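All values derive from a computational prediction rather than experimental measurement. Proteins get letters first, then strands, A, B, ... in listed order; numbering begins at 1 in each.
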Amino acid sequence: MKGLIKRSHGNNGSITLKNRWPKGIGLSQVLPEFRHDMDIAFDHMRRNMQAMWSKPTMTWPALDVQEDEHSMTIRVDAPGVDPKNLDVELSGNLLTIRGARESQRKESTGSFRYQERMSGSFYRTVPLPDYVDAAKVEARYDKGVLNIRLPKVPGHGPRRITVSS
Amino acid sequence: MITKALEKQTASDETPERLNNDNWYAPSADILEDNDGFTMVFDMPGVQPEDTDITFDDGVLTVEGRLSRPVNDDPGKNYLVREYDVGHFRRSFTIRTPINSDAIKGDLKNGELTIHIPKAEAARTKKIMVHGG
């Protein structure tokens, strides 16, 4: 980042505010250039951050949370995970899903040509609203998807509030 | 040798049904090679075997299909978090090693699709016994 902003000026090296600018160059001429450098720097930073956020590690395994009148459903992508290695834990109003997936490397003698799939241990936490009945939680693993269903306490839950004028 | 083929998504190979669908995604894959052949493993949570097609044509292996929304997915259900890919998926790979395409096998289990692609006899490394006296 530093290297992008710093720019050689004439024979004097980097820009400093005191007497390094050649005579006759005012701030108005330097500012657009500085701005251009800043634009490059920010653009660079933005792309780095985008790359960081889009890394699959951040959202692996993927998860959906859905809600209807009667229940809340959490679906977790867990292909190839042995259900024995899946742990669903409830602590206070925080639901934690832990698991692990073995790398193919352990099962095969072949060598990798491509490796895109994540392996290793993972966990995700989901904060639960206080209107679900955590005692009645059900979890089921089917076709590589972990389904967790939490029924709602009848009579509790989001209400629509009428705004009067 | 196996390489990722360019994902062909030109208008010409889109059927109207596909064009109307809102979502395409590419499932992650692992590819391993040993002397007998290639093993490809795809992440396909929730996909039904009958919704998956594997084709091998002119050196290109294509895996495509669709992941339908769950049966209980009615519009009354609000999504609070949605990271899941649904819709159509496709991946293509160019295989330059001669293979025995009649013996390609696919198996979908626990949300993982495993494809075995045996190499043609001529493409396998042979061990030659050295006789000494």
Side-chain angles (χ1 to χ4, degrees), chain A residues 54 56 58-86 95 101-119 124-129 132 140-147 149-150 157-158, chain B residues 1-5 25-52 67-86 91 93-97 107-114 116-117 119:
Chain A
S54 63
M58 307 300 281
T59 52
W60 183 73
L63 157 162
D64 276 2
V65 182
Q66 253 184 324
E67 201 183 331
D68 69 6
E69 258 184 276
H70 310 291
S71 65
M72 194 169 155
T73 311
I74 302 165
R75 273 203 312 268
V76 188
D77 263 8
V81 177
D82 187 339
K84 278 185 283 209
N85 290 337
L86 273 172
L95 185 84
R101 182 162 80 172
E102 301 256 302
S103 165
Q104 224 69 35
R105 195 184 291 276
K106 286 180 183 153
E107 297 166 22
S108 169
T109 50
S111 48
F112 274 105
R113 294 292 171 258
Y114 289 106
Q115 185 173 19
E116 299 169 348
R117 299 163 72 237
M118 311 289 301
S119 61
R124 303 255 351 225
T125 52
V126 183
L128 298 176
V132 298
R140 197 166 48 87
Y141 182 81
D142 180 40
K143 289 196 282 291
V145 183
L146 173 68
N147 286 278
R149 197 178 159 271
L150 297 132
Chain B
M1 202 185 135
I2 190 159
T3 49
K4 291 178 199 182
Y25 72 99
S28 302
D30 281 356
I31 301 176
L32 290 127
E33 181 181 356
D34 63 14
N35 192 32
D36 295 326
F38 299 96
T39 305
M40 305 170 106
V41 187
F42 293 85
D43 272 348
M44 288 197 179
V47 177
Q48 307 272 8
E50 59 269 26
D51 289 337
T52 311
L67 171 57
S68 320
R69 285 163 206 280
V71 191
N72 61 352
D73 192 4
D74 62 76
K77 275 204 169 182
N78 285 329
Y79 276 96
L80 305 176
V81 181
R82 187 163 205 172
E83 300 167 353
Y84 226 80
D85 284 319
V86 286
R91 296 285 313 253
F93 297 88
T94 305
I95 304 172
R96 295 208 174 79
T97 308
D107 181 37
L108 185 59
K109 213 172 96 188
N110 279 349
E112 280 184 325
L113 173 68
T114 308
H116 288 288
I117 307 156
K119 287 183 188 170

Undergrad: With rounding to the nearest 0.5 Å, note down the distance linking CD1 in B:Ile95 to CZ in A:Arg113.
TA: 12.5 Å
Undergrad: I'd like to know if the side chain of B:Asp30 reaches the main chain of A:Glu116, judged simply by a donor and an acceptor atom lying under 3.5 Å from each other, with no hydrogens or angles considered.
TA: yes
Undergrad: Give me the atom names and distance for the closest heavy-atom approach of B:Asn110 to A:Tyr141.
TA: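 B:Asn110 and A:Tyr141 have their closest heavy atoms at O-OH, 3.6 Å.
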Undergrad: If the condition is side-chain hydrogen bond (donor to acceptor under 3.5 Å, both in side chains), which residues does A:Asn85 pass it with, not counting sequence neighbours?
TA: none
Undergrad: With chain A, which of B:Asp36, B:Asp43, B:Leu80, B:Asn35 has the greatest number of heavy-atom pairs at distances under 4.5 Å?
TA: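 Going by pairs under 4.5 Å, I would pick B:Asp43.
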Undergrad: Please enumerate all residues that pass salt bridge (charged side-chain N to carboxylate O under 4.0 Å, His left out) together with B:Asp51, with sequence neighbours excluded.
TA: none
Undergrad: Can you name the closest pair of heavy atoms from A:Pro79 and B:Met44 and give their distance?
TA: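 Reported closest heavy-atom pair: CB-N, 4.3 Å.
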